[in-house]
Amino acid sequence: MTEQVESWSVDGIRHGEPWGINEDLLSDLTVVVPTWSRQDFVLRQLRFWSSSAARLIVVDGSDSALSDRVRSAVADHPRLTYLHHRCSFADRLRIAGEHLSSKYAVMLGDDEFHLPSGLRAAVRILNEDADLVGCMGQVLSFSPMDGYRRCLFSRAYPGMADFSAMQKDPTERLVAAMDPYTMATCYAVLRTPVWQRSWGSVGSYSSGVAAEMQQAFTVHLLGPFRSNNAVQWLRSVENSITPVSDLESERGRMLWFPEWWENHKWDVEHHEFLDRITAVVAERVGLPRPECRQAINAGAQLFATRNRAEFDSLDQVEGGGRPKTSLLTRVARIAAARFPDGVALTIRHLRSIIQKWRGAQGGDYLGATEELPSRLENAGLVSTSELLKEVAQVEKLVRDFHLLRNLGLVESSESIEEVQK
């Protein structure tokens, strides 16, 4: 954690101006950020959310807490909560659930962003449809250009478009949600009791993905769920995937759900998985416990069967979770660092066209902020002036953060403009 980032964060917490419109909708929402050993990124989250009407709860499992200076600023802020607990990921989520008092809650990674306009779109839908348990917007990823001097955006999780699991029968709804599976519930806006029963009750499994699947199973069993076409989540590639479980840390790679579910070595954890979901779901949806448990078991096997090949292919990657860098990607990165912006953006765009033609990942490139309006609409996403303003604010926040963190050239936020000149 750098002193420059800490000062920047504290200044934002204490003196930041509220931004956005219709903030009354976000006053019903709490953003939950579990984190471990990424305290610079926690400071960035605190600065970002300090100007929002949404509440923020950070549960930090790092060895040491943030400084007294930061915690004092947070304590004086009416909507920020920082909790330091050296415990498991699952325990930190349980603790966060116990602190929720708002109508809705949403999970967020410590290095990522939810856009206020996207959150409002989800809250508005939930307010209008009492049967829904949750709603999720669309996703963009952001990657660096010249050390995050600018951000480049791509469409992520395109399967989220028009996703819904609206069947009245909970077992039918679970089957529909698992075939094919769309990672929609993890970062969705959920009614707080649903968040507490899903994320707030996950177990500490040898497979980190098992916690995600427990959360998804619980949400889909508890009630209807749908997506909307507003951009909500900005997914970061700033950090590598961090293993959740001790076993994954030891192995140096993820233990994917099919491998975990189909290996009797983890039978005790399988029973815990089934028992935990059954305990929070069965009575609330009117299913006898044996029938509910059987449905969960069938859903887990369905997911494992349908996704085995995909997860097996991920074991052939570097770093336990990221694909090997292609020649096209390496060329695009060199271009971003060495060529003028116009040339670099053209090369990136050509790369995305080739990758899309080849059916490879990265083919949903949307470009820099000034290219987003037309490309968002072509991708079937809602493009509004409010969204574009929020994306520009995030890009500036990310740029300032990396200037302060990596270069160490400035002492205060006022000096950033001088460095950029």
Sub-3.5 Å donor-acceptor pair from the side chain of [X] to the main-chain atoms of [Y], do we have one?
{"X": "Arg47", "Y": "Trp8", "result": "yes"}
{"X": "Thr81", "Y": "Ile57", "result": "no"}
{"X": "Glu371", "Y": "Ala368", "result": "yes"}
{"X": "Ser201", "Y": "Arg197", "result": "yes"}
{"X": "Arg92", "Y": "Cys87", "result": "yes"}
{"X": "Ser164", "Y": "Met166", "result": "no"}
{"X": "Arg191", "Y": "Val133", "result": "no"}

Tell me if the CG atom of Asp246 is crowded by more than 12 foreign heavy atoms within 6.0 Å.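 No, not enclosed.
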Pairing donors with acceptors under 3.5 angstrom, does anything connect the side chains of [X] and [Y]?
{"X": "Ser27", "Y": "Asp24", "value": "no"}
{"X": "Tyr104", "Y": "Asn127", "value": "yes"}
{"X": "Thr218", "Y": "Ser198", "value": "no"}
{"X": "Ser236", "Y": "Glu238", "value": "yes"}
{"X": "Asp60", "Y": "Gln39", "value": "yes"}
{"X": "Ser383", "Y": "Glu377", "value": "no"}
{"X": "Gln215", "Y": "Thr185", "value": "yes"}

Can you find a pair of side-chain heavy atoms, one from Leu255 and one from Val209, that are under 4.5 Å apart?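 Side chain of Leu255 against side chain of Val209, heavy atoms only: no contact under 4.5 Å found.
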Tell me if the aromatic rings of Tyr365 and Phe153 count as close, with their centers under 6.0 Å from one another. no
Smallest separation among heavy atoms of [X] and [Y], with atom names:
{"X": "Trp233", "Y": "Glu112", "value": "NE1-OE1, 3.2 Å"}
{"X": "Ser72", "Y": "Arg14", "value": "OG-NH2, 3.5 Å"}
{"X": "Met178", "Y": "His220", "value": "CE-CD2, 4.2 Å"}

Look up atom CZ in Arg155 and atom CZ in Arg235, then write down how far apart they are to the nearest 0.5 Å. 14.0 Å
Give me the ring orientation class for Phe273 and Trp260: parallel if the planes are under 30° apart, tilted from 30 to 60°, perpendicular past 60°. perpendicular
Students often mix this up, so state it plainly: with edges at 30° and 60°, are the rings of Trp199 and Trp195 parallel, tilted or perpendicular? tilted
Is it true that the NZ or CZ of Arg399 lies under 6.0 Å from the centre of Tyr148's six-membered ring and within 45 degrees of the ring axis?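 Not satisfied by the 6.0 Å and 45° rule.
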